[in-house]
Amino acid sequence: MHIVVHKAKCQGHARCWAQAPDIFKLDDEGYILPGDIQVEEGEQLPASQGARSCPERALEVDSTSAARFEPADTQPRAGEA
Amino acid sequence: MTLNQVPDHVPPEMVGDFSLFTSPGMLPTPDGDPQAATACVHAGPPIFYSPFNTRDGRGTWVITRATDQRRVLQDADTFSSHRSIFASALGENWPMIPLELDPPAHGVFRSLLNPLLSPKRVMALEPAVRERAIALIDSIAASGTSCDVMKDFAFPFAVSIFLRLLGLPDHRLHTFVGWAKDLLHGDDVKRPAAARTILAFIDELAAMRREEPVDDFMTFIVQAQVEGRRLTDEEVRGIGVLVFVAGLDTVAAAIGFDLAFLARHPEEQELLRSEPNRIVLAAEELLRAYPTVQIIRVARKDIDFEGAPIRKGDYVSCATMIANRDPTEFECPDTIDLMREDNRHAAFGYGPHRCLGSHLARRDIVIGLEEWLARLPAFRIKEGTAPITCGGHVFGIENLIVDWS
Ligand code: HEM
Ligand code: SF4
């Protein structure tokens, strides 16, 4: 499982970090670091809880395949801004 | 409320009769529950026009669904924050910063301020916050078996944290509580007078810190650089005033609403007292159930939104208490479940203006509840008294007399 981080949508609520500080790392301003997150076997529960707790919907759980990795998404998507 | 306040472009069938200022439960009400009273809008359409929905009687569009509020608040290009609320009350025109700036200027100041109130920074402030809570509650416990939570705890606690943030001693506490009360709840004479007093105070503090820097918020602001230059006097004041306005009443009201809920729900109260590790999660649910802020944006261009013809200059209201009772966002939104998980509530807003003080506010609330429950026995609303609540721009609770005799 991995987590797609839509960095541009992150507004620093830090709810993900409050659930799982080792999985969701924040910068000095308190916003999530860019780049998708590969989740280890035993950490799936806190990881998906953390992702679900994001009020901005900036974190997307992708449990289909661990191999499918996308470049960090740094632009808001069209029509979704 | 007259219909001529509705602009011509608003179709009459889109006018709703709900208002955060005038609907039942919004005016000062004994034993009221103004947040719950807003939930009725979810029986209606996702957007409607409320002809009287600001303090000065302006109409606004009202966005009811959490997902649509997210869309509005994440889109600052269409929905602007520039309103000069504080300054215009004084017949002036300057923005509170960063609240009334739009991106990209917003981001410049926001990045400057973020580290001052980041989750990590807040951890360092925690011991001082706890010390204040303990001092206040111990003195309440020592002086009897009843108190007014708002006057004796919630307000002095919030103000004292603010003073600590600004590096000021506590002996001016009562002066500040008075200013805050007049500014937020005073009449048309008291409000501008308090605003002027607070401005003069912020200006004076800034001048002091320029002359003699210490290690505090205001020193940081007067020494800071944005885009290679120092901040102007107007910018320093825009920041100082905002932190004053944004951080006092909100935290005090949150603590008041939370303790009022616990005073009325002895089982939940006992659960949190006997298992204090549940307070962190419970505080999130209480923030969902009792948020206090109505967010307003101004349309920067014409846009059709879920069938509503929003026109340039229209006000658009995203009330956090309405989003937090949205049944398409929360299961059983009208049930307060202190063990609710995945609680993506909107109490601190969405989008780039997400409450800068949210991490501090959360800790203040949790610490306040922890120390209150640890130091006082089972409490209830004192017989013969009724807390008075009100709606409006910032929802509030005026008094909360509790008793543990
Ligand atoms: C429970 C307490 C609080 C609540 C419910 C609350 C709520 C909010 C909300 C909803 C907003 C968004 C406003 C908008 O988008 O127009 C906001 C912004 C803000 N809040 Fe809070 N707040 C609280 C406590 C605090 C505290 C303690 C501070 C300061 C120490 C603070 C400082 C700010 C600032 C500076 C902004 C503007 C941020 C920006 O425009 O980028 N707040 N708050
Ligand atoms: S919860 Fe969402 S908005 Fe908050 S820090 Fe994490 S990713 Fe960012």
Side-chain angles (χ1 to χ4, degrees), chain A residues 1-37 39 42-63 72-81, chain B residues 66-67 69-79 98 103 106-107 109-123 280-281 283-284 287-288 291 303 320 323-324 329-330 340-363 366:
Chain A
M1 165 178 136
H2 80 276
I3 290 171
V4 183
V5 174
H6 301 285
K7 168 72 175 158
K9 279 195 166 181
C10 172
Q11 304 295 355
H13 291 257
R15 305 318 295 151
C16 54
W17 172 84
Q19 297 263 356
D22 297 333
I23 301 173
F24 302 98
K25 302 229 164 64
L26 306 182
D27 62 21
D28 287 344
E29 292 187 31
Y31 292 61
I32 193 127
L33 293 177
D36 291 355
I37 300 166
V39 178
E43 296 191 320
Q44 305 211 340
L45 184 65
S48 62
Q49 273 178 344
R52 274 205 307 274
S53 65
C54 174
E56 306 284 348
R57 305 283 202 267
L59 304 172
E60 214 179 303
V61 178
D62 185 345
S63 42
D73 176 347
T74 51
Q75 291 298 314
R77 297 197 237 161
E80 217 186 73
Chain B
T67 181
Q69 287 199 5
R70 204 157 23 234
R71 221 175 108 201
V72 167
L73 296 174
Q74 287 178 343
D75 180 7
D77 289 341
T78 311
F79 300 102
H106 170 264
F109 287 95
R110 185 69 198 222
S111 287
L112 178 71
L113 298 174
N114 271 328
L116 294 177
L117 288 160
S118 72
K120 283 170 203 159
R121 190 57 163 264
V122 167
M123 286 192 206
V280 169
L281 195 65
E284 293 301 315
L287 277 164
R288 185 190 71 80
I303 176 176
T320 58
N324 280 358
E329 182 84 355
F330 300 98
R340 187 185 290 268
E341 305 260 1
D342 302 334
N343 198 343
R344 295 184 264 206
H345 63 73
F348 296 112
Y350 300 117
H353 293 276
R354 185 267 311 162
C355 177
L356 176 69
S358 63
H359 311 302
L360 178 61
R362 283 190 153 99
R363 287 315 293 162
V366 167

query: Between B/R362 and chain A, which part of the residue has a heavy atom less than 4.5 Å away: side chain, backbone, both or neither?
result: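 For B/R362, side-chain heavy atoms alone lie under 4.5 Å from chain A.
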task: Check side chain to side chain contact (heavy atoms under 4.5 Å, CB included) between B/H353 and all other residues, then give those that pass, not counting sequence neighbours.
output: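 B/H353: side chain to side chain contact (heavy atoms under 4.5 Å, CB included) contacts with B/S81, B/H106, B/R297.
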query: Quick one: side-chain hydrogen bond (donor to acceptor under 3.5 Å, both in side chains) partners of B/S118, sequence neighbours excluded?
result: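 Applying side-chain hydrogen bond (donor to acceptor under 3.5 Å, both in side chains) to B/S118 gives none.
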Pairs of heavy atoms under 4.5 Å with chain A: top-ranked of B/R344, B/E284, B/E341: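 Among the listed options, the one with the most contacts to chain A is B/R344.
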Residue selection (most heavy-atom pairs with chain A, distance under 4.5 Å) from B/G351, B/A346, B/S358: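 If we count pairs closer than 4.5 Å to chain A, B/G351 comes out on top.
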Within 45° cone of B/F330 ring axis and under 6.0 Å: B/R340 NZ or CZ: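 So B/R340 doesn't make the cation-pi contact.
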task: Measure across B/R110 and B/P352 and return the closest heavy-atom pair with its distance rounded to 0.1 Å.
output: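 Distance-wise, the nearest heavy atoms are NH1-O, 3.4 Å.
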message: Using every non-hydrogen atom in the two residues, find where A/V4 and A/H2 come nearest and quote the distance to one decimal.
response: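 Shortest heavy-atom contact: CG2-NE2, 3.9 Å.
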message: Can a donor-acceptor pair be found, under 3.5 Å and without considering hydrogens, that links the side chain of B/R354 to the backbone of A/G12?
response: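 Confirmed, B/R354 side chain pairs with A/G12 backbone.
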- prompt: Is any residue of residues 48-55 of chain A within less than 4.5 Å of chain B by heavy atoms, and which ones?
  reply: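 The stretch touches chain B at A/Q49, A/R52, A/S53, A/C54, A/P55.
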Distance-only donor-acceptor pairs under 3.5 Å for side chains of residues 28-35 of chain A, two or more places apart:
from  : atom 1 : to     : atom 2 : distance (Å)
A/E29 : OE1    : B/S111 : OG     : 3.4
A/E29 : OE1    : B/N114 : ND2    : 2.9
A/E29 : OE2    : B/S111 : OG     : 3.3
A/Y31 : OH     : B/N114 : ND2    : 3.2

